[in-house]
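Fair warning: this is a prediction, and the values are worked out from it, not measured in the lab.
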Amino acid sequence: MNNPRAHRIIFFVLLLAAVLLTFRHGIDTKMSYDGRMVIYNNPLVTAPDGIIRMFQGDFCEGCRVEAQIGLTLGFYRPLANALFWLEYRFAGTNDAIYNFDQILF
């Protein structure tokens, strides 16, 4: 088997299997309070039009952090929130899906 493409595919599959085996206990772990606040307790993530508003403001605008501490954080991370918005459509409040994605990233 002298096919370089096949070697890369096999290497990738073995690497992915090793990563998932190493972090398998983290997949079923309950998400922290901060994680729940940023992801599925965030009105920008749960709102159907939230993805549009994510590109217009602070990363934590929907987390209510600014109201709690009286400060604008200035984080502009629309791609992270857009990923959370998309994941929420499939996973809802299933922590295992979010944890699995974090392990892959």
Review point. Could you give the distance from CD1 (I10) to CG (N3), rounded to the nearest 0.5 Å?
Key: 9.0 Å
Review point. Can you tell me how far the CD1 atom of I39 sits from the CG atom of N81, to the nearest 0.5 Å?
Key: 9.0 Å
Check your understanding: Under 3.5 Å, is there a donor-acceptor pair between the side chain of R36 and the main chain of M31?
Key -> yes
Exercise for review: Enter the distance from Y98:OH to L83:CG here, rounded to the nearest 0.5 Å.
Suggested key: 9.5 Å
**Study point:** From OG1 (T29) to CD (Q102), nearest 0.5 Å
**Key:** 12.5 Å
Point to revise | For I27, the option from D95, I103, I97 that meets side chain to side chain contact (heavy atoms under 4.5 Å, CB included) | key: I103
Check your understanding: At what distance, to the nearest 0.5 angstrom, does CG of L44 lie from CZ of R53?
Key -> 5.0 Å
Check your understanding: From L79 CG over to L86 CG, what is the distance, rounded to the nearest 0.5 angstrom?
Key -> 12.0 Å
**Study point:** side chain to side chain contact (heavy atoms under 4.5 Å, CB included) partner of Y88, the single match among N94, T46, N42
**Key:** T46
Cut-off 3.5 Å, no hydrogens considered: what does the side-chain donor-acceptor table look like for residues 14-26, sequence neighbours left out?
from: T22; atom 1: OG1; to: A18; atom 2: O; distance (Å): 2.7
from: R24; atom 1: NH1; to: L21; atom 2: O; distance (Å): 2.5

Check your understanding: Any donor-acceptor pair under 3.5 Å linking the side chain of W85 with the backbone of D49?
Key -> no
